[in-house]
Engineer: 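Okay, handing you the structure first.
Hydrogens, waters and symmetry mates are skipped; everything else that's a heavy atom, side chains included, is used. Just so it is clear, the structure is predicted and the values come from calculations on it, not from any experiment.
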Amino acid sequence: MVSIDPLSQSERDNYKLLTGSIIPRPVAWVTTLAGNGKVNAAPFSYFNIVTADPPMISVSVQRKQGIPKDTASHAIREGEFVVHIGDELSVAKLNVTAASLPPNESELELAGLTAVPSESVGVPGIAEAKIRMECVLERAIPLGGTPDSPAADLLIGRVVRFHVDDVVLDRGRILADVLRPVSRLAGNDYAKLGETFSLERPK
């Protein structure tokens, strides 16, 4: 067993250990609204559930040299964003939306995706996604780095509307084998759902 002090190595080395160890990671496919009205879309794998009462989810958006990414800037300014679950059918277009575009261009247009109006927020969603969650920003927390130059913006979103395709829903439960979600591994690698198994929880 190798013992590694994270302070003794670079951020990239720590990144490789984290993204190679914490796998698979669900992917938040996030849309936000730019100040010029363009719909911004980007995938983030630092993503999970916070609580179900009320329903909240977290998305950690890493900064570049202390500068917030568009997704975090838009979400903080507008107080809203929409999170989608990428699947095997949409993963190629999801990957396209990871491109860095100038503010006057939309990742949705680049990827050939369809914007759909939301019901409870002003940010449009992605029609091709089987699940989307309209969120209002509960809290944005700058973390890591230094006080003057944080490394990330942790967005806590409160889900105010779920949209779920009929085909993946069975009596209130999501059919994972029909959803066919994708997850992130390290580098350029993704994973499919694969084999599943059940274990009864102890009483």
Side-chain angles (χ1 to χ4, degrees), residues 23-34 37-61 70-71 74-75 78-99 106-138 155-185 189-201:
I23 56 174
R25 298 186 305 282
V27 182
W29 198 7
V30 183
T31 52
T32 54
L33 203 56
K38 290 284 186 179
V39 180
N40 174 270
F44 299 93
S45 68
Y46 294 12
F47 162 55
N48 222 310
I49 301 165
V50 175
T51 178
D53 182 23
M56 292 187 188
I57 56 180
S58 66
V59 181
S60 181
V61 183
D70 288 344
T71 295
H74 301 335
E78 300 293 329
E80 302 174 336
F81 56 97
V82 182
V83 171
H84 311 74
I85 303 301
D87 57 47
E88 291 181 37
L89 293 178
S90 63
V91 68
K93 292 187 175 184
L94 178 151
N95 187 55
V96 170
T97 64
S106 168
E107 292 83 0
L108 256 66
E109 295 171 9
L110 177 68
L113 292 161
T114 310
V116 60
S118 292
E119 293 181 20
S120 300
V121 301
V123 181
I126 298 171
E128 286 78 3
K130 294 185 180 71
I131 296 177
R132 65 182 188 273
M133 293 168 269
E134 299 178 16
C135 299
V136 295
L137 183 65
E138 187 77 14
L155 307 178
I156 307 295
R158 176 163 43 88
V159 181
V160 293
R161 183 76 59 177
F162 291 98
H163 298 273
V164 184
D165 193 315
D166 291 347
V167 300
V168 304
L169 196 62
D170 179 28
R171 291 171 289 182
R173 295 180 180 273
I174 301 297
L175 300 172
D177 59 334
V178 179
L179 176 60
R180 295 165 63 191
V182 293
S183 58
R184 287 285 284 119
L185 302 176
D189 295 338
Y190 287 80
K192 298 179 182 180
L193 187 61
E195 183 181 354
T196 64
F197 62 93
S198 300
L199 290 174
E200 187 174 340
R201 288 192 179 192

Engineer: Tell me if the CG atom of Leu175 is crowded by more than 12 foreign heavy atoms within 6.0 Å.
Structural biologist: yes
Engineer: Could you tell me which non-hydrogen atom of Val61 sits nearest to which non-hydrogen atom of Thr71, and how far apart they are?
Structural biologist: CG2-CG2, 4.3 Å
Engineer: Determine whether a donor-acceptor pair (N or O, by modelled atom type, separation under 3.5 Å) exists between the side chain of Glu134 and the backbone of Glu119.
Structural biologist: yes
Engineer: To check you understand the geometry: which heavy-atom pair defines the closest contact between Glu128 and Gly112, and what is its length?
Structural biologist: OE2-O, 4.2 Å
Engineer: Does His84 reach the main-chain N or O of Ile126 with its side chain, forming a donor-acceptor pair under 3.5 Å?
Structural biologist: yes
Engineer: Are the side chains of Phe47 and Val30 in contact, using a 4.5 Å heavy-atom criterion?
Structural biologist: no
Engineer: Determine the minimum heavy-atom distance between Pro124 and Ala115, stating which atoms define it.
Structural biologist: CB-CB, 4.2 Å
Engineer: Looking only at heavy atoms, which two atoms of Arg25 and Ile23 are closest? And how far apart?
Structural biologist: NH1-CG2, 3.8 Å
Engineer: How many angstroms lie between atom OG of Ser58 and atom CG of Leu155, to the nearest 0.5 angstrom?
Structural biologist: 9.0 Å
Engineer: Could you check whether Arg184 and Ser45, counting side-chain N and O atoms only, form a donor-acceptor pair closer than 3.5 Å?
Structural biologist: no
Engineer: Taking Lys130 as the fixed residue, which of Val178, Leu89, Val164, Asp166 is the one that meets the side-chain contact (heavy atoms from CB on, under 4.5 Å) rule?
Structural biologist: Leu89
Engineer: Within the 4.5 Å heavy-atom criterion, are Glu107 and Thr31 side-chain neighbours or not?
Structural biologist: no
Engineer: Can a donor-acceptor pair be found, under 3.5 Å and without considering hydrogens, that links the side chain of Ser118 to the backbone of Ser120?
Structural biologist: no
Engineer: Any sub-3.5 Å donor-acceptor pair from Asp87's side-chain atoms to Ser90's backbone N or O?
Structural biologist: yes
Engineer: Thr97 versus Pro43: any side-chain heavy-atom pair under 4.5 Å?
Structural biologist: yes
Engineer: Are side-chain heavy atoms of Leu185 and Pro24 found at a separation under 4.5 Å?
Structural biologist: yes
Engineer: Rounded to the nearest 0.5 Å, how far apart are NZ of Lys93 and CG of Leu110?
Structural biologist: 11.0 Å
Engineer: So do Glu80 and Leu33 actually touch side chain to side chain, heavy atoms under 4.5 Å?
Structural biologist: no
Engineer: Which pair of heavy atoms, one from Thr32 and one from Phe81, lies closest together, and at what distance?
Structural biologist: CG2-CB, 3.8 Å
Engineer: Could you tell me whether a side-chain N or O of Ser106 sits under 3.5 Å from a main-chain N or O of Val39, the two making a donor and an acceptor?
Structural biologist: yes
Engineer: Give the minimum heavy-atom separation between Pro181 and Ala176, together with the two atoms involved.
Structural biologist: CD-O, 3.5 Å
Engineer: Give, for atom CZ of Phe162 and atom CD1 of Ile174, the distance between the pair rounded to the nearest 0.5 Å.
Structural biologist: 9.0 Å
Engineer: So, taking the atom named CE in Met56 and the one named CD1 in Ile49, what distance separates them when rounded to the nearest 0.5 Å?
Structural biologist: 13.5 Å
Engineer: Nearest 0.5 Å, what's the CG-OG1 distance between Leu108 and Thr114?
Structural biologist: 8.0 Å
Engineer: Mind checking the OG1-CG spacing from Thr196 to Asp177? Nearest 0.5 Å is all I need.
Structural biologist: 8.0 Å
Engineer: Can you find a heavy atom in the side chain of Val116 that is under 4.5 Å from one in the side chain of Arg132?
Structural biologist: yes
